[in-house]
Amino acid sequence: MKNKVTTLGQFIIERQSDFPFAKGELSRLLRDIGIAAKIVNREVNKAGLVDILGEAGGSNIQGEQVKKLDVYANEQFIAALGSGGETCAVASEENEDLVPIDTLVSKNAKYLVCIDPLDGSSNIDVNVSIGTIFSIYRRKHEEPASILSEFLQKGTEQVAAGYVIYGSSTMMVYTTGKGVNGFTLDPSIGEFCLSHPDIKTPSTGNIYSVNEGNFKHFQDGVKAYLRWCQEEDKATGRPYSSRYIGSLVADFHRNLLKGGIYIYPSTKKAPNGKLRLLYECNPLAWIAEQAGGKASDGKNRILEIKPESLHQRVPLFIGSPEMVTMAEKFVSEGG
Ligand code: AHM
Ligand code: MG
């Protein structure tokens with residue numbers, strides 16, 4: 001007999017009782033994100049047809065403007081969140097300012113969404129895995145004037161967070177604070193199906209992921225940690241393997257399943273690193289922790305950093321807990 005298939009929609013309904021005070025709004029919001037992800041997935045899959053359909057940013061054979069995929073993804077997610085009616089504003093990597101959702105259905109919406117609609121910009125046009133990252137907060141006050149400050153909640157206040165990876169298969173992975181579950185898109189039925197229930201990350205691994213091209217610009221503690229990763233040591237399985245795709249979601253996802261550490265440290269040019277706290281680091285940090293992993297800026301827990309602005313950057317050390325702890329030790333000792 002075939003195993004029972006659980007779709008994302010069924011799973012969300014089954015888990016609704018995890019939120020005894022919610023009336024199904026968060027479930028509907030997650031479902032809306034799943035629908036937008038499928039639409040974006042369709043376009044991402046067609047990206048290889050640029051010669052036929054027209055290059056992103058240029059025009060197609062009908063002379064129509066072809067949207068860049070990241071712009072397209074942003075519009076799709078914002079439209080899905082807008083028509084769903086549960087979101088009152090969105091903070092997106094693609095928009096300098098907050099995007100208020102002002103529709104009749106969203107008048108009393110309770111949720112705020114932070115999103116990186118299509119992460120891994122350098123990989124979008126070259127058929128390499130990319131992703132979407134999202135983070136959801138509950139509104140604390142009703143006054144419109146407070147919306148910006150409500151987006152600046154610590155990561156510990158997230159009510160749901162997840163990512164979609166557009167890879168060799170497309171997956172959605174999310175948490176609502178009760179573990180992490182992964183769903184693989186079955187294109188033949190157009191549904192995300194539960195494929196990775198209750199994901200747990202190994203406590204240690206043998207992969208380190210960092211842009212070593214920037215090595216010269218790293219602080220001494222990070223350099224010392226990377227040299228340590230490359231040393232030979234049978235007991236800890238070193239030297240570790242270096243794996244770096246340059247798409248945060250893809251690098252994070254692989255390390256989550258196999259064990260490993262992803263690092264985007266501060267550099268001389270970028271003292272706060274590159275990645276954004278609200279829609280890149282916080283959601284992945286919560287997923288990592290929910291899977292038994294760890295996420296830090298080299299010193300402090302990512303989820304406890306109080307954001308000061310929407311597009312704030314922070315250094316990121318994330319993955320298997322023992323590896324992140326070891327990297328922190330090198331950083332604190334300074335080399
Ligand atoms: P993006 O939001 O412009 O795509 O930048 C984020 C990406 C991450 O996905 C990736 O891990 C990192 O930037 C790679 O940066 P670099 O090319 O500096 O190594
Ligand atoms: Mg990004």
Side-chain angles (χ1 to χ4, degrees), residues 33 37 40 43-44 47 56-57 68-78 90-96 99 113-135 155 161-167 170-171 173 207-219 222-223 226 242-256 260-285 287-288 293 295-298 302 307 309-319 324 327:
I33 290 178
V40 170
E43 295 306 305
V44 167
K68 284 201 169 283
L69 267 179
D70 42 8
V71 175
Y72 177 85
N74 192 40
E75 288 176 1
Q76 287 302 324
F77 279 103
I78 291 177
V90 180
S92 165
E93 177 169 335
E94 292 290 323
N95 300 89
E96 188 58 36
V99 182
V113 177
C114 304
I115 191 160
D116 185 349
L118 213 53
D119 182 65
S121 44
S122 64
N123 287 325
I124 292 178
D125 292 331
V126 289
N127 205 5
V128 173
S129 299
I130 45 182
T132 296
I133 315 173
F134 63 89
S135 162
Y163 60 84
V164 182
I165 174 167
Y166 311 96
T170 297
M171 274 188 80
V173 175
I207 295 173
Y208 71 101
S209 308
V210 64
N211 185 343
E212 281 183 292
N214 295 330
F215 190 87
K216 195 169 173 291
H217 304 294
F218 294 159
Q219 61 191 99
V222 175
K223 286 181 179 165
L226 296 176
S242 164
R243 293 280 182 276
Y244 191 72
I245 296 168
S247 281
L248 174 60
V249 170
D251 280 310
F252 173 82
H253 180 72
R254 180 202 51 236
N255 292 359
L256 180 75
I261 183 169
Y262 173 98
I263 304 176
Y264 208 109
S266 55
T267 62
K268 283 183 194 137
K269 273 190 279 175
N272 295 316
K274 175 183 186 188
L275 302 174
R276 316 296 185 135
L277 177 59
L278 262 66
Y279 42 78
E280 292 178 324
C281 302
N282 268 339
L284 298 187
I287 290 172
S296 127
D297 67 355
I302 291 287
S309 62
L310 283 186
H311 300 288
Q312 179 174 340
R313 299 174 198 266
V314 282
L316 180 65
F317 296 71
I318 192 166
V324 174

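Position 1 is the first residue of the sequence; numbering continues from there. Ligands are counted one by one from 1 in listed order, and the atoms in each one are counted from 1 as well.
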Numbering as shown, the atoms of ligand 1 that approach G120 to under 4.0 Å (heavy-atom distance) = 4 (O), 9 (O)
Protein contact to atom 18 (O) of ligand 1 [nearest heavy atom, distance to 0.1 Å] = Y264 OH, 2.6 Å
Give the residue, atom name and distance (to 0.1 Å) of the protein heavy atom nearest atom 13 (O) of ligand 1.
-> K274 NZ, 2.9 Å
Which of these, D251, D119, D70, has its nearest heavy atom closest to atom 9 (O) of ligand 1?
-> D119
Could you state the interatomic distance from CG (N95) to CD1 (I115), rounded to the nearest 0.5 Å?
-> 10.5 Å
Side-chain donor-acceptor contact under 3.5 Å, T267 with N214 = no
N or O contact, S247 vs ligand 1, cut-off under 3.5 Å | no
Among all protein non-hydrogen atoms, which one is nearest to atom 19 (O) of ligand 1, and what is the separation to 0.1 Å?
-> Y244 OH, 2.5 Å
Mind checking the CG-CG spacing from L248 to L284? Nearest 0.5 Å is all I need.
-> 5.0 Å
Closest contact, heavy atoms only, S266 versus Q219 | OG-OE1, 3.1 Å
Nearest option to atom 10 (C) of ligand 1, as decided by whichever heavy atom of G213, G273, G246 sits closest | G246
If we number the atoms of ligand 1 from 1 as shown, the ones under 4.0 Å from a heavy atom of L248 are 8 (C), 9 (O), 10 (C), 11 (O)
Taking side-chain contact (heavy atoms from CB on, under 4.5 Å) as the test, write out the residues that go with N272, two or more places apart.
-> R313
For atom 11 (O) of ligand 1, grab the closest protein heavy atom and report residue, atom and distance to one decimal in Å.
-> Y262 OH, 2.7 Å
Aromatic ring proximity, centroids under 6.0 angstrom, Y163 and F252 = yes
Give the contacting part of R276 toward ligand 1: side chain, backbone, both or neither, where contact means a heavy-atom distance below 4.0 Å.
-> neither
Parallel, tilted or perpendicular: which describes the rings of Y262 and Y244, with under 30° parallel and over 60° perpendicular?
-> parallel
Which residue holds the protein heavy atom closest to atom 1 (P) of ligand 1, what is that atom called, and what is the gap in Å?
-> S121 OG, 3.4 Å
Heavy-atom pair with the smallest gap, counting every atom of R254 and R243 = NH2-O, 3.3 Å
heavy-atom search around atom 2 (O) of ligand 1 in the protein gives E93 OE2, 2.9 Å
Of all heavy-atom pairs linking L278 and P283, the shortest is O-CD, 3.4 Å
Those residues at least two apart in sequence (or on a different chain) that pass side-chain contact (heavy atoms from CB on, under 4.5 Å) with P265 are V210, F218, V222, I263, F317
Atoms in ligand 1 with a heavy atom of E280 nearer than 4.0 Å | 2 (O), 6 (C)
Can you name the residues that form a side-chain contact (heavy atoms from CB on, under 4.5 Å) with A250, not counting sequence neighbours?
-> S129, I165, I245, S247
Number of protein N/O/S atoms less than 2.8 Å from the Mg ion (ligand 2)?
-> 4
To the nearest 0.5 Å, atom CG of D116 lies from atom CD of E280 at 4.5 Å
